[in-house]
Each structure stands twice: as C-alpha cells, then as structure tokens.
There are 2 protein chains.
Amino acid sequence: MKRVTTEDVAKIAGVSQSTVSRVLNDYPYIKKNTRDKVLAVINELGFTRDEIARSLVEKRTKSIGLILGSISNPFFAETAEVIIERAQELKYDVIVYNTGHKDENLEQAINLLIGKRVEGIILTSVSKNYTEKIKKLHDNGFPVLLYNSFLDIKDVNFIVMDNNKGARLAVQHLIKLGHKKIAKISGPSKYLATYERTVGYKEEMMENGYEIDEGLIFNSEFSYDKIYSFTKKLLKKKDRPTAIIAASDQMALAVLDAASSLNLKIPADLSVVGFDNIRLSANEFIGLTTISQQMDQMSLTALEKLIYLIENKETSSSSIQIFLKPELMVRKTTGPAPVQD
Amino acid sequence: MKRVTTEDVAKIAGVSQSTVSRVLNDYPYIKKNTRDKVLAVINELGFTRDEIARSLVEKRTKSIGLILGSISNPFFAETAEVIIERAQELKYDVIVYNTGHKDENLEQAINLLIGKRVEGIILTSVSKNYTEKIKKLHDNGFPVLLYNSFLDIKDVNFIVMDNNKGARLAVQHLIKLGHKKIAKISGPSKYLATYERTVGYKEEMMENGYEIDEGLIFNSEFSYDKIYSFTKKLLKKKDRPTAIIAASDQMALAVLDAASSLNLKIPADLSVVGFDNIRLSANEFIGLTTISQQMDQMSLTALEKLIYLIENKETSSSSIQIFLKPELMVRKTTGPAPVQD
DNA sequence: CTGAAAGCGCTTACAG
DNA sequence: CTGAAAGCGCTTACAG
C-alpha cells in the first residue's frame, strides 16, 4: 500500500504542495474553487495526513503516556478508561505501558515514551527508588504527574488520597465493630502511598491502645498469589485475626478468595475492608466495604492537570500536589467481631 | 527544555552528524575511539533519539493500535494486559482507544490511528456495520485483526471462540440441572459474536424441546445499567426464569447484582452462567459458572498474529480466521432448578 | 490567494 | 572508517 502524500494530491489537483497543506490546515484566504478541487482529490485518493511528519515540524505529537502497574487490576482499568476517554475528547492519544510493578520496566517505559516524544506522562505505582528520575524530568520542565502514588519531594506533581486518614477510617470502623486482632495487607513500603496506609493503620491501632503485631502485617509484593497464600496461612492459625484491611480492593478480593477457600463466612467469621471503591465493590452480590479513593475524580483531574501543564508550560510554576478526602463505604463484608472461643 | 539533537552531539564530539547517527544505529566499522567519544557526549547531554524523525525516514513507527469497547470491563482489561505486555517485549508500543461501544468512535479511532501511522490495529467489539471499512483496510494490505469479534466475510482476520457452541454448552448444563425457563442476556445483534451466542442458545433450547420465549431474551445495549434494570424487572415477575445466561462475565455480574438486590439466593433461587472466564470468576468468594474463552491464548495469539502480519506483509496471502474451543467452567452460581410452587 | 524554498531531526547511499 | 548531501512528508515564513 503506497502511501498517498500531499505531493501526490497536489499534482493531480494541479496546485502546489503548499496549497494542499493549506487546505488541510483550514487556512483562510483560499479560493473556494481550489479548495474544493483539492478536497475532491483528497477524497478520491483516500489521503490521510501523515501525523508523523506533521509532528516533526510542529514539535507536537498530541500524545501522552500512561504508565501503570497492572491494567488487569480494576483500579487501573477503571481509571485508565476515564483518562483515555477524556484524552480522546481533547484530541490526545495515549500510549499505555504496563510495568507489572517492576522498577526496571518503569524506567524503560519513561525512556521509550520520551523517545516517542509524548508531551507528558501520567504515572502510577512509582516507588521511591525513582524519586531522582522523576525529579529530573520535572525540573527539565517535562510534564509528569502521578496519581495514587506520590514522592516525598517538592518538585513533583501528584494527586492522591490522604492515605493515612483512609487507613485510620478503616481501623476505626473495625474497632467500633469490636475487632481487636486486625491484620493489614499492603504492598512493598517503597511505594509511599501503600506505606502511608500501613502507618495510618499502626497509628490508629496504637492510639486505641492496641499493640502492633508485625505478624499480622504483610508488606511484600503486589502479587495476587502471594497475598492469597499469606492470607490462607494467617487464617489457618488458631489465633487468627477477625478482620483484615487490604491496601486495595483487588487485594481484598484475594483475601476473600482465600477466606472462602477455607469456608470462612464473611463477615460472620471474618471482616474485610478494601481500598479504592472499584465498581465491583458496590455490586450487591459482593458488597465490599472499602475506602473510596474517588477514582473518577482522581483520574479525571490527573488527565486534565497534565493537559494543563502541557498547554501552559511557560506559566506553570509551582508543583501540583492534590490530596483527596477518603470516604468509608460500609457494605457487607464487615460486621461485628465474632465472639472469641 | 530545548531538545538535544544529533547535530548538537556531533558538534561537541567533533564529528559529523552522520557519525553520531551511525553509533546510534550500532554500525560496525566505527573506530572505537570515536564511538566512545560520541557515547560520552550522548551521556553527558542526556540525548534521546527522536523516534518521530526516525519513523519518518524509516517508514516504521513500531507502534500498533488497540481499539476496544470498554477497558473497564475485565475481559478487555485482562486481554489488553496480555497484548500490551507482549507488545512491549517485541518493542512495539500500543495506543489504546476506548470506543464506549459507539460505532462513530470506532471509525474515528481507526482514522486517527492510521494518521499516526500505526503499523497495525487490533480491534474488538466490531459491529457488522463496519464490514466494508474493515474489508477495505484488509484489501489495502493494512494489518488488522479482530478478537472476540468477527465479520461474515473472507477478507478479514479474526480470532474468536466458537460462540454458538459456547452458548449450547451453557444451555446443556442448565437443562441437565432441570432448568426450563432460561433467560438470555446479550448485546446488540449487530455484534456477530454476541448474535451467535443467542443463536446457539435458541437452537439448543429448541432441540431440547423448549419453546423460545422472546420475553426472556435481552438484545440491547452493552450497558451495565440497562442489563441491571432489565434483569430486575424480569426477576420480579411471578413466573420468573430460574436461570440466566449472560453473554459476558461482566453482564453476569450485573445479573448477580440485580438478583442480590432482590434478595434472591444464588444458586438456590437463580442460576447464572457467564461467558469469558475472567479471573474474578474463579474467585472462591464468587465462583461464577462460565464459558471459558481462553482469554490469554486469544489475546496472545491476536498480538502475535498481528505482528506476524506486520513483519511479513509480502508473504501473507490468505486471511487468518481462528476459532477457539469453548469450555464450560462449573462453579458456584449454578445449581439444580428450584422446585416450582 | 498561491508557489518556491527552507527546515523539523533523523537515516543511508555515495564518495573518499 | 567518516563526511556531505539527499530525502522522509509535512508546515510556514517569504515573495509576488
């Protein structure tokens, strides 16, 4: 399939290549007659402008990068949908990278995206190992924005929930229900958002007079299988916890999976709280109690702030650091602590 | 942030721009000395090759398009993850478009992607209204491949499950459990894959001596809310069905949602079968009986066949049309038909 | 209103 | 081994 160029169109329409380009760009002063002629030829030949060539001269690609941990996790799928759809409306396309939560992949994704000359990047699941890398991009004036992820420096844009507060809400809810042995399942603490949830959990537990049992805390990989087997082992113990707070709804689902495989009844035998408020958690068949991250707002804001940064490079000065308020959504997976026997 | 070019590197390294390009492309015959010098400058300046400019001359973008109905549907999220990850391994990046199951968006997405000079497109959720459009691309030698979607012509590449057979498996399973009133929830029949499921359902019902009750068949939009309210209305009737076959696991989840809101017990009061076998359906807390589409194989094959088409444009002659075998996964949402009262 | 020409940042024959 | 030059397909001052 030989590509049709503006040159080809020009020749057939009997005008210059620049004229073809002008009608493509809706220049004013073009005689209606020649415009019509050119348009006709464009149509006839099935010409499609080469945006690659255009990007080269315009120094704009109208595309952005979206780097996320794992799009099969509904939190990422649902937020990605909001981002992609809104980007489309604004005429940007989005190149998606899936890191599988691997640091090397994150670094590689950023480099490839920069090579492809995306105009900005939205990132999630950024570990603090990448603080320097992100800071450098930011300092160079390259639009980057994290969501559900943050770094402990001034020179970075992010939008996150108040994670500490969110964890406290979960703990308070469970304590009110009479739970004393509450486990916490989190990802690796190099992810600060996850780390904050663990901190909030510990602080709230201690402030309520409970001791921290490190055996009840899982702080390892973002892996369904790992979480599933940790939970199973935990729940097989004689003195098992009566409640578990997971650091995401996806993790909560793994916990429910493990608990159900042990024939534990939810919430009679075990209460479970998630984080995120993915759509599924509101499903009446499931009814997952969770901490809402206001996912739609988070992702929509992420996209719009990034586009703002792209289109106002000069004026933007200070960093964008937004904290969303967490909200406890009580549903069916939490209930009164079982009477100890 | 002024971009660094090969010209800049050349000047500082004291060589010509072509030499810089050569070290970038790992040309053999370059004196180790000059290569090292260039590499040092590249490093020092933080140079990243402009892939846009490169694409223009190479006439290759190393990127593909992925157009899907709705990435928040786990079927698409999980298959997209396989496709994106495998594409990354093969050094292709993927631009994702979300059509929201709107025909206009599909058309627009294809045009934009072609403008961006992607080398091939993977499509899902293609309605038969787009038969001509897809055929034209195919005939022009442009690599396109559909998955979980097909068109009734020779000149199109696709990979789908045997949908008629899949629906029959679901019906057989329910009939064996004693169900007589079985409802079917599908998407619009302009999507042939969905249509085939309805056909298989009808055929199997009739072959088993049951009459088709059109009131038990939903053939409208792919909308969670629509399906939810249709189901709710259906289940409120005195002579409600004892089983429902949904055309996807996502739809089955909507059915379960509606049934639970009516306090129906699953499967005691209602059996539910889905299609897809998303990961969640195997979760013991949910245990959705479903027809497996072999999602991983389907999506991996889709990506690899597309890349094959891209990299062997000349040799490829006949169309790729692959049918995967459906498999019934019996879990917890189906059980014996309740005794009628 | 419209054409000829330069230039975006690369790759790659063509010479030497 | 390496440089000068053409060219990929566009956009846009510069003239007229």
Side-chain angles (χ1 to χ4, degrees), chain A residues 1-39 41-42 45-63 91 111-119, chain B residues 1-42 45-63 111-119:
Chain A
M1 178 170 61
K2 164 93 175 43
R3 302 241 47 119
V4 181
T5 70
T6 46
E7 190 64 50
D8 299 332
V9 174
K11 228 166 270 172
I12 298 185
V15 298
S16 77
Q17 184 267 332
S18 4
T19 297
V20 175
S21 178
R22 287 200 186 90
V23 345
L24 249 23
N25 289 295
D26 279 326
Y27 266 61
Y29 321 114
I30 298 199
K31 237 199 296 182
K32 182 169 183 335
N33 190 28
T34 79
R35 150 167 286 130
D36 290 349
K37 208 167 40 182
V38 170
L39 253 20
V41 176
I42 283 178
L45 262 45
F47 167 85
T48 317
R49 168 161 55 187
D50 188 327
E51 297 293 339
I52 295 293
R54 190 187 191 200
S55 290
L56 184 60
V57 1
E58 300 243 276
K59 291 171 177 299
R60 294 212 57 180
T61 54
K62 282 284 219 169
S63 66
K91 307 297 180 202
N111 293 338
L112 288 168
L113 253 10
I114 299 232
K116 292 276 185 172
R117 295 299 184 254
V118 296
E119 301 190 46
Chain B
M1 178 171 59
K2 163 99 175 45
R3 302 242 47 119
V4 181
T5 70
T6 46
E7 191 62 50
D8 299 331
V9 174
K11 229 165 267 171
I12 299 185
V15 298
S16 76
Q17 183 267 333
S18 5
T19 297
V20 174
S21 179
R22 287 199 186 92
V23 346
L24 247 25
N25 288 295
D26 280 324
Y27 268 59
Y29 323 113
I30 297 198
K31 236 199 297 182
K32 182 169 184 336
N33 191 28
T34 79
R35 151 166 286 130
D36 290 348
K37 208 168 40 183
V38 170
L39 253 19
V41 177
I42 283 178
L45 262 46
F47 167 86
T48 317
R49 168 161 55 186
D50 187 328
E51 297 293 339
I52 295 292
R54 192 186 188 202
S55 290
L56 184 60
V57 2
E58 300 244 278
K59 291 169 176 299
R60 294 213 55 181
T61 54
K62 281 286 220 165
S63 66
N111 293 339
L112 287 169
L113 254 8
I114 299 233
K116 292 277 184 170
R117 296 297 184 255
V118 296
E119 301 190 45

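Reckoned from all heavy atoms, side chains included, excluding hydrogens, waters and symmetry mates. In what follows, chains are A, B, ... by sequence order, proteins preceding strands, each numbered from 1.
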(message) For B:Arg117 and B:Arg35, find the nucleotide of DNA chain D closest to each by heavy atoms; which residue's nucleotide sits nearer the 5' end?
(response) B:Arg35
(request) Would you indicate what B:Thr34 reaches in the nucleic acid, counting non-hydrogen atoms under 4.0 angstrom: base, sugar-phosphate, or nothing? (result) sugar-phosphate
(message) With a cut-off of less than 4.0 Å, is there a side-chain N or O of A:Tyr27 near OP1 or OP2 of D:dT12?
(response) yes
(request) Could you tell me the separation between the CG atom of B:Asp36 and the C1' atom of D:dC1, rounded to a whole number of Å? (result) 15 Å
(request) For the pair A:Arg60 and A:Glu119, find out whether any cationic side-chain nitrogen is under 4.0 Å from an anionic carboxylate oxygen. (result) yes
(request) Could you check whether A:Thr19 gets within reach of a base, just the sugar-phosphate, or nothing at all, counting any heavy atom under 4.0 Å? (result) sugar-phosphate
(request) Remember a base hit wins even if backbone is also touched, and classify B:Glu51 as base, sugar-phosphate or nothing at under 4.0 Å, heavy atoms. (result) nothing
(message) Could you identify the nucleotide paired to D:dA13, looking across every strand shown and requiring Watson-Crick or G-U wobble geometry with both distances under 3.5 Å?
(response) none
(message) Rounding to an integer number of Å, can you tell me how far B:Lys37 NZ sits from D:dC1 C1'?
(response) 12 Å
(request) Take A:Pro28 and A:Ser18, find for each the nucleotide of DNA chain C with the closest heavy atom, and name the residue whose nucleotide sits nearer the 5' end. (result) A:Pro28
(request) Can you tell me the distance, in whole Å, between the CZ atom of A:Arg49 and the P atom of D:dG9? (result) 15 Å
(request) Decide, yes or no, whether a salt bridge links B:Glu51 with A:Arg117 under the criterion of side-chain N to carboxylate O below 4.0 Å. (result) no
(message) From CD of B:Glu58 over to P of D:dG7, roughly how many Å is that when rounded to an integer?
(response) 18 Å
(request) Kindly point out which of C:dT2, C:dT12, C:dC10 is positioned nearest to the side chain of A:Lys31? (result) C:dT2
(request) Tell me what B:Arg22 touches on the nucleic acid: a base, only sugar-phosphate, or nothing, going by heavy atoms under 4.0 Å. (result) base
(message) It should be established whether B:Arg60 places a side-chain nitrogen or oxygen under 4.0 Å from OP1 or OP2 of nucleotide D:dC8.
(response) no
(message) Going by purine N1 to pyrimidine N3 plus the second Watson-Crick contact, or the G-U wobble pair, all under 3.5 Å, which nucleotide sits opposite C:dA4?
(response) none
(request) Mind calculating the distance between CG (A:Leu56) and C1' (C:dT11) to the nearest angstrom? (result) 13 Å
(request) May I ask you to decide if B:Asn33's main-chain N or O and B:Asp36's side chain share a donor-acceptor pair within less than 3.5 Å? (result) no
(message) Looking at B:Arg3 and B:Asp50, is any side-chain nitrogen of the basic one under 4.0 Å from a carboxylate oxygen of the acidic one?
(response) no
(message) The side chain of B:Tyr29 is closest to which nucleotide in this list: C:dT11, C:dG9, D:dC1?
(response) D:dC1
(request) Measure the distance from CG on A:Asp50 to P on C:dC8 and round it to the nearest whole Å. (result) 18 Å
(message) I want to check one thing: is the phosphate of D:dG9, taken as OP1 and OP2, less than 4.0 Å away from some side-chain N or O of B:Lys59?
(response) yes
(request) Indicate whether any N or O donor in one side chain lies under 3.5 Å from an N or O acceptor in the other, for A:Ser21 and A:Ser18. (result) no
(message) Please tell me if A:Ser16 has a side-chain N or O lying less than 4.0 Å from either OP1 or OP2 of C:dT2.
(response) no
(request) Pick base, sugar-phosphate or nothing for A:Glu7, based on heavy-atom distances below 4.0 Å to the nucleic acid. (result) nothing
(request) Measure the distance from CG on A:Asp8 to C1' on D:dC10 and round it to the nearest whole Å. (result) 13 Å
(message) With a 3.5 Å distance limit and no angle check, can you tell me whether B:Asn25 reaches the backbone of B:Arg22 through a side-chain donor-acceptor pair?
(response) no
(message) OP1 or OP2 of D:dC10 versus the side-chain N and O atoms of A:Thr6: is any pair under 4.0 Å?
(response) yes
(request) Mind calculating the distance between CZ (A:Arg3) and P (D:dC8) to the nearest angstrom? (result) 15 Å
